[in-house]
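Working notes, structure below.
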Amino acid sequence: MSPDMKKTAQKFVIANWKMHGNFEQNQALLNAYVSKLNGLKDTQVVVCVPYPYLAQAQSLLQGTDIAWGAQNLAKNENGPFTGEVSAQMLRDFGCEYVILGHSERATAYCESDENIAQKFMVAKQHGITPILCVGETLIEREAGVMELKVGKQLDTIIDLYGADVFNDAIVSYEPIWAIGTGLAASPEQAKAMHKFIFDKLTQANGAQKNSVKILYGGSVNPQNALQLFAVENIDGGLIGKCSLSAQEFEGICQAAESSVG
Ligand code: 13P
């Protein structure tokens, strides 16, 4: 897949390694990704690694169809922000994608929607595709306020910067109750929320079809991937645990590929 085709890939499957791996394991996993997944026609594969392994990802993946990214970035350009990593630093390692607002960060590091919105803009300004995570807790779903929650997460960005900023961006619906639990959203639950997100972004964008991609994340595995990826407005998946196994990740990517067309 050439760089231009990446933008038009119909499905995206994105690995979120979270805080897993070491130099040796990563090498084996990335090499296996390349041997199994290079050359997919309709699916863009991306792997978001911990910061220290960006150089390793770059050296093993450049020249292949697989792109790499990070799991966070700083909202500031540079300065006295100990422990932070800027967008420009990510660009130095060929990073094309960044996960933002993952619930594991939002909860543990008290990231506000406004903070995440600022990072979203910084990523765009540096030509890095933001992968914005949105989703509700189990309590919010049981209370029936899941659309309110996700709506607010999107509105924070729309109100600050306009809906256009979602063009060529990625939103990942990740119900918090489905992350790492083995209990994925049902196709019906996912369908309803993906329609809500799609309609909201399309309406906010003056009813023009937005070129945003909307992924589903939360306990995707090779068994449920095909059914989920066949749902309207699901453009692929953001994968945690199963991205750590080349075989399972390949199964998910092949499901994405066969869900197209
Ligand atoms: P799991 O696939 O392990 O449920 O994780 C999903 C996730 O958090 C992706 O960002």
Side-chain angles (χ1 to χ4, degrees), residues 11-21 25-26 29 33 37 43-51 53-54 57 66-73 95-109 111 116 119-120 123 128-138 140-141 146 149-150 153-154 169-187 189-190 193-194 197 212-229 231 234-256:
K11 295 278 185 202
F12 279 75
V13 180
I14 303 182
N16 176 8
W17 280 4
K18 308 189 179 185
M19 198 176 72
H20 291 289
Q25 286 169 359
N26 301 346
L29 191 51
Y33 277 15
L37 299 170
T43 305
Q44 176 62 53
V45 178
V46 182
V47 51
C48 292
V49 303
Y51 289 139
Y53 301 121
L54 283 171
I66 301 171
W68 58 98
Q71 300 171 15
N72 186 29
L73 57 62
C95 243
E96 291 183 273
Y97 297 85
V98 65
I99 296 173
L100 295 175
H102 194 284
S103 57
E104 287 157 12
R105 288 200 57 79
T107 321
Y109 305 101
E111 280 206 277
I116 294 161
K119 292 180 176 188
F120 186 99
I128 300 174
T129 302
I131 304 160
L132 174 77
C133 299
V134 297
E136 80 285 355
T137 63
L138 186 57
E140 287 162 339
R141 175 157 284 268
M146 55 272 189
K149 167 78 176 288
V150 170
Q153 290 174 312
L154 298 172
I170 296 175
V171 173
S172 184
Y173 170 52
E174 302 214 320
I176 296 169
W177 47 269
I179 296 175
T181 59
L183 182 76
S186 68
Q189 288 170 321
M193 185 58 87
H194 279 245
I197 295 169
V212 67
K213 292 282 179 192
I214 309 171
L215 311 188
Y216 168 79
S219 296
V220 178
N221 60 42
Q223 290 72 45
N224 63 21
L226 192 55
Q227 217 189 359
L228 284 164
F229 295 163
V231 170
I234 295 192
D235 300 312
L238 183 55
I239 318 301
K241 184 166 163 283
C242 286
S243 70
L244 301 172
S245 148
Q247 202 183 345
E248 292 188 311
F249 192 58
E250 181 194 12
I252 294 169
C253 293
Q254 294 296 356

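This is a predicted model, so every value here is computed, not measured. For ligands, and for the atoms within them, numbers begin at 1 and follow the listed sequence.
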Query - ligand 1-proximal atoms of Ile179, by part, heavy-atom distance under 4.0 Å - result: both
Query raised in the report: Between Gly217 and Pro175, which heavy-atom pair has the shortest distance, and what is it?
Result: O-CD, 3.4 Å
Query raised in the report: So between Gly180, Gly240, Gly135, whose heavy atom ends up nearest atom 4 (O) of ligand 1?
Result: Gly180
Requested in this report: Pull out every atom of ligand 1 sitting under 4.0 Å from any heavy atom of Asn16, numbered as shown with elements.
Outcome: 9 (C), 10 (O)
Query raised in the report: Going by distance only, is there an N or O of Ser219 that falls short of 3.5 Å from an N or O of ligand 1?
Result: yes
Query raised in the report: Any donor-acceptor pair under 3.5 Å linking the side chain of Tyr216 with the backbone of Ala225?
Result: no
Query raised in the report: Is there side-chain contact between Leu37 and Glu250, with heavy atoms separated by less than 4.5 Å?
Result: yes
Query raised in the report: Should we say atom NZ of Lys18 is surrounded by more than 12 heavy atoms from elsewhere, each under 6.0 Å from it?
Result: yes
Query raised in the report: Angle class for the His194/Tyr173 ring planes (parallel below 30°, perpendicular above 60°, tilted otherwise)?
Result: perpendicular
Report task. Show which atoms of ligand 1 fall inside a sub-4.0 Å distance from at least one heavy-atom site of Gly218. Result -> 4 (O), 6 (C)
Query raised in the report: Is the side chain of Asp235 donor-acceptor paired with the backbone N or O of Ile214 at a distance under 3.5 Å, no angle test?
Result: yes
Report task. Report the nearest protein non-hydrogen atom to atom 7 (C) of ligand 1: residue, atom name, distance rounded to 0.1 Å. Result -> Lys18 NZ, 3.5 Å
Query raised in the report: Contact between Cys242 and ligand 1, counting heavy atoms under 4.0 Å?
Result: no
Query raised in the report: Which ligand 1 atoms are under 4.0 Å away from a heavy-atom of Leu238?
Result: 9 (C), 10 (O)
**Report entry** Test item: Tyr97 side-chain N/O and Ile170 main-chain N/O as donor-acceptor pair under 3.5 Å
**Finding:** no
**Report entry** For atom 9 (C) of ligand 1, the protein heavy atom that lies nearest, with its residue and separation
**Finding:** Glu174 OE2, 3.1 Å
Requested in this report: Examine distances only and state if a side-chain atom of Asn224 and a backbone atom of Ser219 form a donor-acceptor pair shorter than 3.5 Å.
Outcome: yes
Query raised in the report: At a 4.0 Å threshold, what atoms of ligand 1 neighbour a non-hydrogen atom of His102?
Result: 7 (C), 8 (O), 9 (C), 10 (O)
Requested in this report: Note the single closest protein heavy atom to atom 3 (O) of ligand 1, along with its residue, its atom name and the distance in Å.
Outcome: Lys241 N, 2.9 Å
